[in-house]
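Single-structure report; data block below.
Both backbone and side-chain heavy atoms feed into the values below; hydrogens, waters and symmetry mates do not.
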Amino acid sequence: MDPSLNTFKVLDALDRKQITTQRQLAHHSGISLGQAHYVLKRLLEKGWVTLGNFKKPPRKIGYTYLLTPSGMEAKSTLAVKFMVSKLQEYQRLRKNLAERLDRFEKKITQRVVFVGPYIICGVLKSVVQEKNMKFSFVASCPSLEALGRFSPSVFDMAILGNGNPEDLEKTRKKKKGKHRIVHLW
């Protein structure tokens, strides 16, 4: 995992929660206790995090980890960096999907059923609309088993985009209707 991603996760957790132990920090940031210790040590050295006192039960003083102003600035900088990175990755994915759909468009008539997560189907639909492609998604379903509920007359091709290895293997073994199912990835 990218060390700056761990840094962001720790800074974000400290910004959102009152954290008094490294175990809490690890839990709220979704990283291991060892990673939390390492990142926290670096953040304390950089001055992005400081320790604040608070009173626990009588005769005990506890500490809480607090973000400093420079820690807040670092968190903001990292957030922008990750957002830009994810958006660039999304744009590359959309371009790859558009190229793949373009190849499908040349092979099929019109009607497509998507097999896989609804969110991927939504991205595919938006790519089809954006590129003015000549086919339409008539339905979507989560698995090949669910695809079996559709009459073959409803669609010209099914695009398998669920990444399920069992479904991939089933389509390879099937003789009947093999030409009607294509793999997205």
Measuring from atom CG of L5 to atom OG1 of T7, what distance do you get when rounded to the nearest 0.5 angstrom? 8.5 Å
Could you measure the distance from the CD atom of Q22 to the OG atom of S32? Nearest 0.5 Å is fine. 11.0 Å
Between L147 and F155, is any pair of side-chain heavy atoms under 4.5 Å apart? yes
Around atom NE2 of H27, are there more than 12 heavy atoms of other residues, nucleotides or ligands at under 6.0 Å? no
Taking the side chain from S29 and the backbone from A13, do they hold a donor-acceptor pair closer than 3.5 Å? no
Quick check: is I119 connected to L93 through a chain of hydrophobic side chains (ILVMFWY, heavy atoms under 4.5 Å apart)? yes
Please determine whether residues L87 and F8 belong to a single hydrophobic cluster, defined as Ile, Leu, Val, Met, Phe, Trp and Tyr linked transitively by side-chain heavy-atom distances below 4.5 Å. no
Say whether V49 and L66 are linked into one hydrophobic cluster, either directly or through other cluster members, by side-chain heavy-atom distances under 4.5 angstrom. no
Less than 4.5 Å apart, side chain to side chain, heavy atoms only: is that true for I31 and L25? no
Strictly below 4.0 Å, N to O, side chains only: are K75 and D15 in salt-bridge contact? yes
Between S126 and E130, a side-chain donor and acceptor under 3.5 Å: no
Just wondering, do K131 and L101 contact through their side chains at under 4.5 Å, heavy atoms? no
Are any non-hydrogen side-chain atoms of F137 and V113 less than 4.5 angstrom apart? no
Please test E89 against R92 for side-chain contact (heavy atoms from CB on, under 4.5 Å), starting from the C-alpha separation and ending with a verdict. CA-CA 5 Å; E89 186 178 332; R92 281 191 303 274; 3.7 Å; yes
Donor-acceptor under 3.5 Å (S76 side chain, M72 main chain): yes
Do NZ/NE/NH1/NH2 and the carboxylate oxygens of E45 and R42 come within less than 4.0 Å? no
If you count the non-hydrogen atoms of other residues, nucleotides and ligands that lie under 6.0 Å from NZ in K17, is the total more than 12? no
At what distance, to the nearest 0.5 angstrom, does CG of N6 lie from CG of L43? 10.5 Å
Expected output: side-chain Q110 to main-chain K134 donor-acceptor under 3.5 Å: yes
Atom CG of L11 and atom CG of L40: how far apart are they, to the nearest 0.5 Å? 9.5 Å
With no hydrogens and no angle check, is any side-chain donor or acceptor of R111 less than 3.5 Å from a backbone partner on V138? no
Could you walk me through whether L184 and L124 pass the side-chain contact (heavy atoms from CB on, under 4.5 Å) check? CA-CA 10 Å; L184 180 61; L124 291 176; 4.0 Å; yes
Heavy-atom nearest pair, S140 first then F150, reads O-CZ, 4.5 Å
How long is the straight-line distance from CD1 of I120 back to CG of L97, given to the nearest 0.5 Å? 8.5 Å
From NE2 (H28) to CG (D12), nearest 0.5 Å: 12.0 Å
Check the pair V115, I181 against side-chain contact (heavy atoms from CB on, under 4.5 Å), reporting the backbone distance first and the verdict last. CA-CA 9 Å; V115 179; I181 300 175; over 6 Å; no
Salt bridge or not between E99 and K95? Use side-chain N to carboxylate O under 4.0 Å. yes
How would you list, by chain and number, every residue that makes a side chain to side chain donor-acceptor pair (under 3.5 Å) with E73, sequence neighbours excluded? none
Do L33 and V39 sit in one hydrophobic cluster, given that two such residues count as connected whenever their side-chain heavy atoms are within less than 4.5 Å of each other, even indirectly? no
Which atom pair, heavy atoms only, marks the closest approach of S4 to K81? OG-NZ, 3.3 Å
Heavy-atom pair of closest approach, residues V128 and F135: CG1-O, 3.4 Å
Taking every non-hydrogen atom, the tightest pair across T21 and I19: O-CG2, 3.3 Å
